[in-house]
Amino acid sequence: MKMSQLLMPTLREAPAEAEIMSHNLMLRAGLIRKLAAGVYSFLPLGYRVIKKIENIVREEMDRKGAQELLLPALQPAELWQDSGRWNVYGKELMRLKDRHDRDFCLGPTHEEVITDLVRREVKSYKQLPLNLYQIQTKFRDEIRPRFGLMRGREFIMKDAYSFDYSREGLDESYEKMYEAYCNIFKRCGLVYRAVEADTGAIGGSDSHEFMVMAETGENEIVHCASCHYAANMEKAVCAAPQELDAASQEMLPLEEVKTPDIHTIEELSEFLNINVEQTIKTLLYQADDEVVAVLVRGDREVNEIKLKNMLGCIELYLAETEIVEKITNAAVGFAGPVNLSGVKVFADYEITNVINGIAGANKTDYHLKNVNFKRDFQVEAFCDLRLATVDDPCPHCGNPVAITRGIEVGHIFKLGTKYSEAMNATYLDENGKEKVCTMGCYGIGIGRTAAAAIEQNNDDKGIIWPMPIAPFHVVIVPIKANDREIMDIADNIYQSFSEKGIEAIIDDRKERPGVKFNDADLIGFPIRIVVGKKSVNEGKVEVKIRKSGEEWEEQLDQVIPKIISLVQADLEMK
RNA sequence: CGGGACAUAGCUCAGUUUGGUAGAGCGCUGCGUUCGGGACGCAGAGGUCGCAGGUUCAAAUCCUGUUGUCCCGACCA
């Protein structure tokens, strides 16, 4: 490939819209361009990266026995009504009508289509297990697309669906996918971690997210340094604390204190000169049609995912001001569990151990001192309802945990029979008895993986592509594009590479060397070979490794085989 | 959907407060000199100032509406 012919519009300055490094560099290196919010074109270099990732995904999926197919992005509403999701999926679903006013949508995911296919074509246990996947563009009308390819409204995704005849079969399929995903992200040169994840509205027992470690990630991960425990913050378990010996502390009499102009827990603890741990925070939530009260210690945050799962509700949000005022008979900020009527009260485990605590008095400008569970208030249940913190012990081994951020590039689920049951995907077993398929689903964001790779591999000069997903392995830079001798040497190097399957690109543009060097660094080709006067006179070229910055001069006949084996070794990350 | 900001040349931005002939740097075209880490000179091309109304002798600038974009939050297989 000759660079002079490539559409490769690099930018000197960062576009104003790019907020994070991967977005910035993808625009600057000429990999992508924006068409609309969350909708991007892939330019030739960017698309090469996408195809590299796709091919790694294909190889690893195929290796586990999955079969590639391609399903339509345009889907009739009937299928979604069939599964019950037409009304549930909400505004995120891109809906449209055809000329006959029939409802369609653009697929955000393909459980419906694949289940429909399988229920039509699979009749016998002899056809199972089956794992089908595709790499295709998905559409989700995200409320807020952001960060370039990180969260788009149109994006490329690999989605796979497994069909088994038993729970055990699903476990096996799931395990295979788990392994495939590990191989894929490892081969992409990423530092990643598989973490336990919430299954959300989708239900099912097990779910793992594959997180690429990066500070710009949208997810928080709780992980243990001593054992293998790692979980998404949404999922991270907070173990129930040891119950204090209630007799060891004397319960003091309940007391009302005036706390005007106190709005935060910090102000309250300062005003009353007590530890934040002594305070009880009371939050009112609207859970579908019901209002519930949730108690957590003042220094804790409610984990709304846990709450949602515990309540089994579909919608959950903090109750509106008017509702809070009506229930507490007080301004917002003074809710408390004592004499709170008309709502169920759920408390985090830790509330058991708050002796003589401080809570809102359900009276504007007043709090209560010496509030104690049982004596002063009752609860519906104690549960794990709070967000984990770095101070929480690992729920598996009890050792300290750390919290870091990550980018979710893959997610695997054990679906069970949710869709196969709703859509009647059945088969006949050995005894001629009709059984429902057990499903799993497995997704990878291809574009997001590319973005995550950049987040993890860049410096002040630009991208540093891992070899397996680099748009080209080697860039050959002839220092003068109009010098015949130099160009001939560059062409010969190119030839010897392509014979060995090494992808090289020649920067034959009539630019000054500085421009070529800066573009090479910006785009992030792993290896750079400079051909100059020394190459003509002494047969030497200069080699530079982008990642390490290592740089040396060497005779052509020696350096070519060396680079070939270097590239091949880097590609062997299988 | 709530809060905030922005929209002027391909890109980054000035000009808007106080209405009066639309600017800079980079990029682009041509010629020349250069040529190992984003060169220099000369000559050019390129914008109905997001769009639609309104006020005014006169609007990039003031007013109203609208669309798009970005950030924070809520939301999210």
Side-chain angles (χ1 to χ4, degrees), chain A residues 9-20 23-24 27-28 30 33-39 83 85 88-93 107-112 138 140-148 150-153 155 157 159 161 197-204 207-209 218-219 232 234-235 285-286 304-305 308 314-318 320-321 408 410-415 418-419 439-445 460-462 477-483 486 507 509-522 528-535 541-542 544 549 551 553:
Chain A
T10 54
L11 304 173
R12 286 199 186 191
E13 283 173 285
E17 68 194 46
E19 209 54 34
I20 62 168
H23 188 196
N24 181 334
L27 288 166
R28 281 226 291 145
R33 285 294 182 265
K34 183 176 70 180
L35 183 62
V39 181
S83 73
R85 287 209 288 187
V88 176
Y89 212 97
K91 289 185 183 160
E92 214 184 327
L93 189 62
T109 172
H110 280 68
E111 281 82 12
E112 279 77 6
K138 298 278 186 275
R140 291 182 192 178
D141 197 358
E142 294 280 350
I143 298 170
R144 185 148 95 86
R146 58 179 142 183
F147 301 150
M150 282 296 179
R151 183 170 292 270
R153 293 192 294 170
F155 58 98
M157 181 177 179
D159 48 325
Y161 306 89
D198 182 63
T199 49
I202 200 160
S207 175
H208 285 86
E209 287 166 334
E218 292 187 286
N219 300 277
N232 191 313
E234 296 176 352
K235 173 84 174 175
Y285 276 93
Q286 185 77 45
E304 295 184 359
I305 303 284
K308 205 168 169 179
I314 300 199
E315 278 206 89
L316 182 79
Y317 52 92
L318 277 171
E320 318 261 340
T321 306
E408 180 193 345
H411 200 163
I412 60 178
F413 288 94
K414 288 185 184 174
L415 285 180
K418 174 169 173 164
Y419 296 91
M439 291 173 61
C441 74
Y442 318 92
I444 290 179
D460 57 342
K461 289 180 181 303
V477 182
I479 221 69
K480 280 186 177 175
N482 52 8
D483 183 314
I486 288 177
D507 191 349
R509 296 176 299 169
K510 293 182 175 43
E511 292 285 355
R512 294 163 62 85
V515 173
K516 297 185 178 189
F517 293 155
N518 281 312
D519 272 346
D521 287 343
L522 174 61
R528 187 185 80 193
I529 297 178
V530 178
V531 184
K533 286 192 204 99
K534 255 190 197 166
S535 317
V541 292
E542 180 190 296
K544 186 167 184 181
E551 199 171 352
E553 286 185 358

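Every chain is numbered from 1, with letters handed out A, B, ... down the list of sequences. Small disclaimer: the values here were computed from a predicted structure and weren't measured.
Across all strands shown, A:Lys534 has no heavy atoms under 4.0 Å from either base or sugar-phosphate atoms. Residue A:Val530 is in base contact, counting any heavy-atom pair closer than 4.0 Å across all strands shown. Using a 4.0 Å heavy-atom cutoff across all strands shown, A:Tyr89 reaches no nucleic acid atom at all. As judged by a 4.0 angstrom heavy-atom cut-off over every strand, A:Glu19 is placed among residues touching the sugar-phosphate backbone only.
Rounded to whole angstrom, the span from the CZ atom of A:Arg28 across to the P atom of B:U12 amounts to 12 Å.
For B:G25, its base sits under 3.5 Å from the side chain of A:Glu13 at one donor and acceptor pair at least.
Position along RNA chain B of the nearest nucleotide to A:Glu304 versus A:Ala37 favours A:Ala37 as the more 5'-ward residue.
For the residue pair A:Glu142 and A:Gly152, the shortest heavy atom distance occurs at CG-O, 3.7 Å.
Among the nucleotides B:C28, B:C71, B:U34, the one closest to any side-chain atom of A:Arg512 is B:U34.
An OP1 or OP2 oxygen of B:U12 is reached within less than 4.0 angstrom by no side-chain nitrogen or oxygen of A:Arg12.
With a 3.5 Å ceiling on both atom-pair distances, the Watson-Crick or G-U wobble partner of B:A24 is B:U12. The partner of B:A45 cannot be assigned: no Watson-Crick or G-U wobble pair with both contacts below 3.5 Å exists in any strand.
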